[in-house]
Number of protein chains: 2
Amino acid sequence: MSQAHERPTLEAVARLAGVSRATVSRVVNGSPKVAEPIRSAVRRAVEELGYIPNAAARSLVTQRTDSIALVLPESASRVFSDDPFFPSIIHGVSQELDAADKQLVLMMTNTVAGYERVERYTTARHVDGVLFASTHGVDPLPGQLSRLGVPVVVTGRPLGRSTVPYVDVDHVGGVRAAVRHLLETGHSRIATIAGPQDMVAGIDRLAGYRAELHGSDRRSIVAVGDFTRESGATAMRQLLEDDPLLDAVFVASDLMAHGAITTLRELGRRIPDDVAVVGFDDFDISRYTDPPLTTVRQPILELGRELARQLLRVIAGEDVDQAVVLPTELVVRASA
Amino acid sequence: MSQAHERPTLEAVARLAGVSRATVSRVVNGSPKVAEPIRSAVRRAVEELGYIPNAAARSLVTQRTDSIALVLPESASRVFSDDPFFPSIIHGVSQELDAADKQLVLMMTNTVAGYERVERYTTARHVDGVLFASTHGVDPLPGQLSRLGVPVVVTGRPLGRSTVPYVDVDHVGGVRAAVRHLLETGHSRIATIAGPQDMVAGIDRLAGYRAELHGSDRRSIVAVGDFTRESGATAMRQLLEDDPLLDAVFVASDLMAHGAITTLRELGRRIPDDVAVVGFDDFDISRYTDPPLTTVRQPILELGRELARQLLRVIAGEDVDQAVVLPTELVVRASA
DNA sequence: CCGGGCTGCGAGAGCGCTCTCAGAGCAGAG
DNA sequence: CTCTGCTCTGAGAGCGCTCTCGCAGCCCGG
């Protein structure tokens with residue numbers, strides 16, 4: 001049954017092929033300086049024994065593990081089942097790492113001990129580098145690891161000063177396009193449901209809204225949510241209390257936009273005739289809402305891929321830009 | 001900057017504390033047979049040097065890695081961004097592994113080479129065990145690994161004979177409850193949109209539908225989808241062509257049910273008055289469809305957790321049941 | 001025919017840890 | 001006071017691999 005203990009080692013292959021361990025190692029690792037007859041003899045021995053190198057032994061000497069950690073913050077788990085953001089990031093990262101033949105190790109800091117766990121694990125040289133997705137507030141861990149010599153890349157411009165390389169999307173540009181669209185289509189009372197103000201995504205999107213409104217004679221009407229559907233529904237109700245005559249709302253996430261739409265419909269407002277709605281994300285579901293959601297697309301999959309690519313570059317010792325910002329794009333559908 | 005090379009070893013700690021490597025190792029691993037004064041001297045040295053054990057060296061001798069692979073099949077990536085199934089599994093697995101202080105290594109077999117990659121990686125003793133989620137058709141890999149001595153647990157009753165332990169949900173029971181509900185509420189022409197017939201979930205849910213209908217004088221009206229929203233929309237159109245008078249439909253996944261609802265609405269059918277709709281999954285979104293979806297809840301998070309728990313038991317050498325089946329439950333909302 | 005350079009292979013050290021085994025030290029019994 | 005038995009610590013082997021280094025064999029030019 002279990003052949004776990006009898007798994008062949010380099011030594012065994014070497015004996016069978018009648019060569020030294022070093023030569024087998026060369027063949028296995030594709031060194032060019034092995035003569036052809038010997039090479040094929042070794043190949044045959046490897047095949048026959050079903051030899052597979054022991055990863056721990058190898059990385060003990062090479063100091064590499066060929067795996068990469070992706071750290072998702074506490075909040076990730078909370079919204080996990082409803083929010084395709086993290087799955088898409090994971091998917092994108094995984095695509096790039098697959099191509100580079102690296103493994104993805106997922107870590108969630110959803111327990112209190114998680115934070116310390118991540119630190120221990122990554123500094124135990126378990127992984128060659130660490131990716132952080134969507135950190136809240138000012139997270140010291142990325143900088144800390146980076147200072148310890150661990151390659152690190154994060155999503156989202158870090159709050160506070162930090163020299164850790166990051167990948168982000170153009171929140172402000174996307175939001176401005178959205179608000180401009182609302183202005184150009186003749187809306188005069190444009191409100192916003194902002195995201196959490198301890199996250200860059202929340203902060204920047206609100207800033208974009210304010211920036212585009214600034215200079216027009218429109219005043220800003222703001223409510224704040226936490227990117228969940230429920231918070232969007234609540235915030236919409238609040239906005240309508242604040243200004244019953246508002247005729248448009250930019251919502252800082254698609255999920256919150258869905259919540260807002262539910263509220264608007266409950267209160268008998270027609271979309272977009274009474275109130276135009278624009279979201280941010282362009283999740284798949286948003287094509288299927290009623291009406292289909294006008295929203296700002298952010299390339300989440302690509303964000304994940306770029307994140308991984310940057311880290312691989314850092315690991316390879318190449319120079320990388322401290323910031324990579326991916327473009328966003330307004331997708332006009334029926335809701336505005 | 002980079003302190004990577006100067007990272008302290010056991011040896012260094014031992015020297016500083018004035019003891020042997022063995023004693024430091026004992027303290028680090030919490031062995032009780034170390035006298036208190038020495039123990040605290042070692043602790044101080046560990047603290048002072050910031051010592052963290054090298055994982056590779058440790059697992060080279062212990063033959064354990066304290067990490068677990070979760071393998072998602074090709075199709076996972078395809079539906080990843082729209083289907084909360086895999087995220088929930090990941091989340092559940094991760095909860096249990098966190099508690100056991102194990103790491104989660106994610107692998108997707110979405111490339112052609114992925115299959116072989118998984119095999120190499122897992123047999124390289126990179127992980128202590130392997131979890132498979134939602135395999136399609138008859139996948140030989142789980143059995144193969146299991147025969148090589150690698151602990152394996154899979155989701156979903158395996159097709160074909162297999163002795164690999166699995167965790168699944170009670171598809172048939174849930175579906176029968178759903179169809180019974182439709183019968184009891186006076187529906188006479190009950191159709192179904194089935195899932196892919198190369199997956200247990202697809203097969204069993206169709207079987208449940210047939211089983212409950214059997215004996216009543218109703219005939220079965222079947223279309224097949226692939227669990228995606230689009231396929232649900234298409235299948236619904238097909239069903240209405242086959243039987244324009246049908247008054248209820250059991251749809252084998254929530255996403256397909258959403259598609260079906262879209263189609264029904266486009267064709268002017270009222271839900272549930274003209275056609276009652278029941279789904280399967282109870283995804284979060286299904287509470288927010290219009291009307292809210294009556295559906296069969298399957299405990300996906302719990303499925304992931306149980307999956308991990310079973311594997312941990314196998315790894316610990318305990319006996320486990322070859323099958324664990326979690327209950328499903330009909331959740332009645334407005335669509336039926 | 002000899003010496004220098006090159007290529008291909010093997011010997012052996014060592015990566016950082018765990019764990020067995022033996023021995024030192026001490027307490028208590030005889 | 002000796003002997004037994006126990007507890008605690010250290011020495012050392014070894015996990016499976018990579019990689020440096022040196023040497024053997026060969027080819028070529030002088």
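In what follows, chains carry the letters A, B, and so on, assigned in the order in which the sequence lines appear, proteins first and then strands, with residues in each chain numbered from 1.
Note on B:E36 versus B:R43: no salt bridge recorded, every NZ/NE/NH1/NH2 to OD/OE distance being 4.0 Å or above. With respect to B:R44 and B:E47, no salt bridge is recorded, no charged nitrogen being found less than 4.0 Å from a carboxylate O.
Judged by distance alone, the side chains of B:Q310 and B:R313 do bring a donor and an acceptor atom under 3.5 Å apart.
Distances from the side chain of B:L10 to the nucleotides D:dC17, C:dT18, C:dG8 place C:dT18 closest. Set against C:dG16, C:dG10, D:dT9, the side chain of B:A35 has D:dT9 as its closest nucleotide. Closest to the side chain of A:R21, from the set D:dC17, C:dC17, C:dG8, is D:dC17.
Side chain A:R26 to base D:dT18: no donor-acceptor pair is found below 3.5 Å.
For C:dC15, neither phosphate oxygen OP1 nor OP2 lies less than 4.0 angstrom from any side-chain nitrogen or oxygen of B:N54. For the OP1/OP2 pair of C:dC9 and a distance below 4.0 Å, the side-chain nitrogens and oxygens of A:T23 include no atom meeting the criterion. Between D:dT18 and A:S25, a contact under 4.0 Å exists linking OP1 or OP2 to a side-chain N or O. Within the 4.0 Å cut-off from OP1 or OP2 of C:dG10, at least one side-chain nitrogen or oxygen of A:S20 is found.
With rounding to whole Å, A:L60 atom CG is found 4 Å from C:dC15 atom C1'. As a whole-Å value, the separation of B:Y51 OH from C:dG16 P is 10 Å. Straight-line distance from the CD atom of A:E11 to the P atom of D:dG16: 10 Å, rounded to whole Å.
For the pair A:Q95 and A:L301, the minimum side-chain heavy-atom distance is below 4.5 Å.
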